[in-house]
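As structure tokens, the structure follows; a few thoughts come after it.
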Number of protein chains: 2
Amino acid sequence: MTPHSVGELVEPQGPGAVTPHPRLSINQGTIKHADLATALRATTDAGVQAIGLWREPVQEVGLATAAKMLADSGLRFSTHCRSGFFTMPEGPARRASIDDNLLAIEEAATLAAAGAPGSHAVLVLVAGGLPDGSRDLIGARERVRDAIGELAPHAQAAGVTLSLEPLHPMYATDRCVVSTLGQALDIAADFAPEVVGVTVDTFHIFWDPDVLASITRAGREGRIATYQVCDWKTPLPADVLLGRHYPGDGVIDFGPMTETVIASGYDRDIEVEIFNEQVWATEPLEAVRRTAAGFARAVSPYLRA
Amino acid sequence: MTPHSVGELVEPQGPGAVTPHPRLSINQGTIKHADLATALRATTDAGVQAIGLWREPVQEVGLATAAKMLADSGLRFSTHCRSGFFTMPEGPARRASIDDNLLAIEEAATLAAAGAPGSHAVLVLVAGGLPDGSRDLIGARERVRDAIGELAPHAQAAGVTLSLEPLHPMYATDRCVVSTLGQALDIAADFAPEVVGVTVDTFHIFWDPDVLASITRAGREGRIATYQVCDWKTPLPADVLLGRHYPGDGVIDFGPMTETVIASGYDRDIEVEIFNEQVWATEPLEAVRRTAAGFARAVSPYLRA
């Protein structure tokens, strides 16, 4: 990470800045190059009330320190991002992954306890892609189910919800063999909803002809652990991981999905998570303000007061 | 197009060349820079028995001449590629699209009649993306259904099957709002199966957790108008349209999909359609031979004799 210094952030809120929606949460991935102190400061300075943290910047300062910093910030904690990556067959690599996931569960529990009231102990899980040399998507998916089965008792004991995230099908083989919300719900169905939920991320699922039905099902089954928004537009960048945009800058219609999420009873914070070189190159406070502005324009209209 | 001259193709079949599977068909998109004469010659010289043609090289020589050339080649005609692109609202652009689709229907009928016995009058349809400035995927999908409703009587009169092709979800907004085989089947369901079928293309649908169930459904409903194979691997190229590979060069497991297609009763030719700058830069006969070799390795083992 290339941290921006905290000092850079001390500037008055410009006249064009919007008052952020009270349910907006900044996912730290949006300001990837900010260290934890800078991320917390940019979020509070912009008037945003919640944050989703990433593991690397938390580990950079250590969990206890991170929890103290989060508590001092007064921010709610919405998710911990991310672990998972457990599609490999049994062996040392799989054991290392499971151990790392257990650590992530502990981190999520500790940080949620340190966050302001309204925080949630949600750990986002990205399944992982095909193991090297494998073409067996079906087997990889079975190993995702197995791994969650192994982690679930630990998550339950820690009061943490494992939030399985379907990723766009363009990542199916190299990053996440779970590609649709329906598929994630089918995997989650074996477990209690407070232990295994799903991440509903507009970027990954908006294209799905079944998306609204799947969101409705997720709500009915009590599985929406976090709702995340960002936009899609084409052409995709050379690295297709980095094609996420401020809400409103692309072609996603946030209305139907957001209204369906809210109608399902979802009452938590809504994260904006953007992976985009240009956004990452923006000074963090400015990136947070732009995020809040995009959210106000493209998402807030669909949130009941 | 940058045509390779026909003369370049006169060379003996090398010792490493395989005898192509009798059901292999070369989709002309695989040798995009070959003109029609070169494409037909490369296909026959390689010992392949069938070809799927593209509209532009057919129109380059004129339909009557193309039909004569195809008849003289002795090849079976497996599909005509492609039309569609009818997601825009009513107006002159939509009328122009419908007119062009009517022309494509006529082309498909004429070419299928000119091909060797076992030819099929199949016209592949790609729906099109979001109209400029629109975020309304649902509306665009409805307009696909409307367009097919308008074209279906003409296709039926001409004895042509409109073969709706779901494209990978990464193309959902800029190229094809039909993203899954199940969705294509839902649209086709309003029409007779000999009039509206579906294109089953491994590249576009292999990631779908429902892919085998959807292929089974497509077979049961008599809708598999063409089965097309090519491979997927990552990282995707900068232009994600061009990430298609020879069968066996990527991570798709062709076994389960191919066996399910065959078990459904599909008895037509199987096309290989590859969009890939490197393949396009290969001398056409060599590209056809490599295609046949990949097919022999990755697909033929799953075809009953």
Side-chain angles (χ1 to χ4, degrees), chain A residues 129-141 144 166-187 202-212 231-241 243 248-257 298, chain B residues 129-141 144 166-187 202-212 231-241 243 248-257 298:
Chain A
L130 287 172
D132 278 351
S134 170
R135 293 184 170 94
D136 180 15
L137 275 176
I138 294 169
R141 289 165 177 159
V144 170
L167 257 55
H168 193 284
M170 67 187 171
Y171 309 124
T173 60
D174 62 356
R175 182 155 299 262
C176 184
V177 297
V178 178
S179 303
T180 69
L181 187 53
Q183 182 190 5
L185 289 168
D186 288 345
I187 294 172
T202 56
F203 177 89
H204 292 303
I205 63 172
F206 80 98
W207 60 269
D208 185 346
D210 293 328
V211 64
L212 298 182
D231 219 330
W232 166 282
K233 71 177 167 185
T234 57
L236 298 170
D239 181 346
V240 294
L241 270 179
D249 280 5
V251 297
I252 291 180
D253 179 359
F254 292 94
M257 286 185 284
Chain B
L130 287 171
D132 277 352
S134 171
R135 294 184 167 95
D136 181 14
L137 275 176
I138 295 169
R141 288 164 177 159
V144 170
L167 258 55
H168 192 285
M170 68 187 170
Y171 309 123
T173 60
D174 62 356
R175 183 155 298 262
C176 184
V177 298
V178 178
S179 302
T180 69
L181 186 53
Q183 182 190 6
L185 290 168
D186 287 346
I187 294 172
T202 55
F203 177 89
H204 291 303
I205 64 172
F206 79 98
W207 60 269
D208 185 346
D210 293 329
V211 65
L212 298 183
D231 218 332
W232 166 281
K233 71 177 168 185
T234 58
L236 298 171
D239 180 345
V240 295
L241 272 179
D249 280 5
V251 297
I252 290 181
D253 179 359
F254 292 94
M257 285 185 285

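This structure is a prediction, so every number in the text was calculated from the model and none was measured.
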Quiz item: Which residues from residues 175-187 of chain B are near chain A, with near meaning under 4.5 Å between non-hydrogen atoms?
Solution: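 Counting heavy atoms that sit under 4.5 Å from chain A, the residues of residues 175-187 of chain B involved are B/S179, B/T180, B/Q183.
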Could you tell me the separation between the [atom1] atom of [X] and the [atom2] atom of [Y], rounded to the nearest 0.5 Å?
X	Y	atom1	atom2	value
A/L236	B/T173	CG	OG1	7.5 Å
B/I138	A/L212	CD1	CG	5.5 Å
B/R135	A/W232	CZ	CH2	15.0 Å

Let me know if [X] has heavy atoms under 4.5 Å from chain B in its side chain, its backbone, both or neither.
X	answer
A/L137	side chain
A/Y171	neither
A/V240	side chain

Practice problem: Select, from B/P256, B/P237, B/P169, B/A238, the one with the greatest count of heavy-atom pairs under 4.5 Å involving chain A. | Solution: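 Of the options given, most contacts go to B/P169.
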Practice problem: Identify the heavy atoms of B/M170 and A/H168 that sit nearest to each other, and give their distance. | Solution: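 Scanning both residues completely, I find the closest heavy atoms to be N-CE1, 3.3 Å.
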Practice problem: Give, as side chain, backbone, both or neither, the part of B/P235 having an atom under 4.5 angstrom from any heavy atom of chain A. | Solution: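 B/P235 has no heavy atom closer than 4.5 Å to chain A.
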Self-check item: Largest heavy-atom contact set with chain B, pairs under 4.5 Å, which of A/D210, A/V251, A/D174, A/T234
Solution: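 Highest number of heavy-atom pairs under 4.5 Å: A/V251.
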